[in-house]
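Only this structure's heavy atoms are used, side chains among them; waters, hydrogens and symmetry mates stay out. The model shown is predicted, which means the values in this text are computed figures rather than measured ones. Numbered from 1 within each chain, the chains take letters A, B, ... in sequence-line order.
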Amino acid sequence: MKALIVIALLGVVTMMSEVFRFKKLLLPLVVVGLLAACGLAIGDWNTAIRYYSDMVYFDNYSLAFTSLIIVLTLLWLIISKGYFVSDSSRAEHATLILFTLCGGVIMTAYSDLSMFFVGLEILSISLYVLASSNKHDLKSNEAGMKYFLMGSFATGFLLFGMALIYGAAASFNLVKIAEYVQTTAAHGQTPMFVYTGVLLMMVGLMFKVSAAPFHFWAPDVYEGAPTLITAFMATVVKTAAFAAFYRLFSTCFGDISGFWAQTLAVISAVTMLTGNILAVSQTSLKRMLAYSSIAHAGYMLMAIVAMNKISGGAIFLYATAYSLGSLGAFACLHAISKYGDESIENLKGFAADNKIWAGLLGVIVLSLAGIPPVAGFFAKYYIFYGVFQSNFTWLVLVAILSSLIGVYYYFRIIITMVQPRSEKATVLPALTGAHKALLLISALLALGIGIYPAFLQGLLS
Amino acid sequence: MNPSLPFFVLATLSVFSALMVVLSRKPVHSVLYLIFCFFTIGGHYLLLNAQFLFAVHIIVYAGAIMVLFLFTLMFINMNKELEPHKSNLLKGAATIAAGCLLLVLVAATKGAETLPAISKTSDIGTVSNLGKALYGQYLLPFELISILLLTAMVGAVMLGKKDVE
């Protein structure tokens with residue numbers, strides 16, 4: 001709760017920086033504030049308090065995810081310095097980023113559907129604006145508009161679902177809904193419209209996490225939005241959306257999982273196959289990462305399908321590993337895309353120029369592909385193990401198969417990077433200190449988590 | 001008189017006007033039907049004893065937002081040639097998908113009649129009771145809505161202002 005208040009106030013204060021002329025202090029202020037918020041969140045560990053007539057519930061699950069998204073934002077700030085130092089609307093950018101984070105924190109900690117909706121809307125509306133924040137680029141405008149229209153449509157489904165659930169349970173409170181679902185399910189009297197409500201909420205949430213067949217917006221929006229915002233969307237926002245998804249289904253609808261688990265299992269299989277197969281044929285690195293993030297959404301959905309006692313830890317570990325890997329990959333993409341297009345060919349000759357950094361990028365790509373001993377492998381292992389225990393063997397087989405497809409295009413990045421530079425290339429991708437720092441941190445963290453994955457996984461088990 | 005008669009009249013009217021919003025050829029007619037639709041939905045709020053919600057609904061939707069719609073319509077050039085054309089395959093797929101959704105939603109109302117009414121007090125929708133709920137149980141979401149509005153405002157200003165420097 002303290003972390004939430006600090007982030008919200010920080011957003012308001014950064015907004016004032018334009019009026020009261022302390023724009024130079026903007027970046028240090030945001031960093032200090034976020035560090036404080038992260039510290040406060042970690043300080044509340046093991047307290048599990050319900051605030052304001054059970055509107056938010058900061059248990060270990062939400063505290064872990066809150067700290068994770070704050071840390072990811074801090075890491076993201078390393079490469080996005082330019083976005084806050086030279087840009088003419090930097091104060092607004094900082095404010096919107098902080099409000100997005102605020103919405104994300106609410107989404108990890110809500111204990112009432114009304115709070116969930118408020119959090120989701122704060123997060124989404126800031127993102128619609130941020131996606132189109134490159135005002136003079138038509139593609140960015142299109143991305144923002146597309147995201148806005150599709151997102152509002154999906155929110156409509158989510159609200160309809162909430163209304164049906166409220167009609168049945170007569171409460172927005174997650175605990176009360178869970179009690180209602182449990183008692184009616186025990187007598188076999190679950191009304192039909194609870195099922196419809198669950199399905200409609202699932203549609204809305206699956207749009208937000210870009211699961212197939214609701215993924216069509218993702219590649220276009222990820223490609224059109226400024227690269228830094230894409231990195232933010234693919235990591236912080238996706239983590240928050242999954243935290244909300246898992247929290248809702250594990251708290252409320254576990255007793256009727258016989259109804260939705262099969263559906264979700266099929267959707268998760270379709271999502272990872274779609275993401276991985278379509279990523280293979282991409283020539284733009286940004287689009288490839290967008291499709292890869294769709295595929296990773298499929299793996300994280302598997303943890304919701306499994307819904308047993310290791311799933312909470314597994315989805316946390318997966319979100320961490322995936323976000324760290326994506327941040328590193330986007331840092332590289334940001335460095336090479338400064339000189340025009342985002343084609344994967346720009347990576348040619350990268351290894352010859354920057355041996356160490358190419359190695360670190362290799363580690364990150366291995367983590368995304370799920371090759372041991374890096375974090376991604378153990379994240380996938382725990383997810384697969386949980387699904388296997390819940391008797392979805394076929395889903396594990398599909399997941400392994402689609403991971404193999406994934407290895408193909410991830411290795412294409414490594415192979416392109418060690419090829420000699422093409423003669424046409426006139427500009428060399430150059431890494432700035434910030435990009436190097438982020439690459440180093442995310443690669444080291446990926447290795448560290450790979451060496452001792454049980455720590456993160458055990459936090460929530 | 002059957003006590004649920006007003007409901008059925010209002011429901012028929014709102015479904016009819018909502019259909020006409022989609023079906024009418026002229027955009028201005030669509031907007032007028034939409035206003036009518038909002039009024040009938042406001043009538044439903046009155047039937048549910050939510051007088052304040054009724055007033056707010058009429059003022060905000062039928063008043064402010066519809067005027068905005070009409071203004072926007074005047075700015076847009078509505079030509080036959082500019083209308084987007086979808087292939088028959090897409091139209092067919094959309095019809096089937098929407099029909100399936102309708103089927104599921106209608107099926108979901110099966111068994112809804114057996115549920116008891118939750119509250120029968122007549123003053124549930126008054127301003128004072130709404131205020132008690134907003135400043136009591138729902139204090140936190142009510143306060144956080146201000147962040148939401150602030151976000152929308154900051155975003156609109158950022159997208160709308162000219163770049164200087």
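If you measure heavy-atom distances from A/Phe99 to chain B, the contacts under 4.5 Å come from the side chain alone. The part of B/Leu101 that comes within reach of chain A is its side chain, from C-beta onward, which places non-hydrogen atoms under 4.5 angstrom from that chain. For A/Leu123, no part lies near chain B; criterion is any non-hydrogen pair under 4.5 Å. Contact of A/Val12 with chain B is made through the side chain alone, with heavy-atom distances under 4.5 Å. Contact of B/Leu139 with chain A is made through the side chain alone, with heavy-atom distances under 4.5 Å. For a residue to count as touching a neighbouring chain, one of its non-hydrogen atoms must lie under 4.5 Å from one of that chain's; by this rule A/Gln189 does not touch chain B. For A/Phe157, the part lying under 4.5 angstrom from a heavy atom of chain B is the side chain only.
Using a 4.5 Å heavy-atom cutoff, the side chains of B/Leu140 and A/Met1 are in contact. Using a 4.5 Å heavy-atom threshold, the side chains of A/Val129 and B/Val154 count as separate. No side-chain heavy atom of A/Asp112 sits less than 4.5 Å from a side-chain heavy atom of B/Pro141. At a threshold of 4.5 Å between non-hydrogen side-chain atoms, the residues B/Leu144 and A/Met115 count as touching. Proximity of B/Met153 to A/Met15: side-chain heavy atoms (C-beta onward) are nowhere separated by under 4.5 Å.
Between the OG1 atom of A/Thr196 and the CG atom of B/Leu105 there is a distance of 6.5 Å, given to the nearest 0.5 Å.
Counting all heavy atoms, side chain and backbone alike, A/Met55 lies closest to B/Gln137 at CE-O, 3.2 Å.
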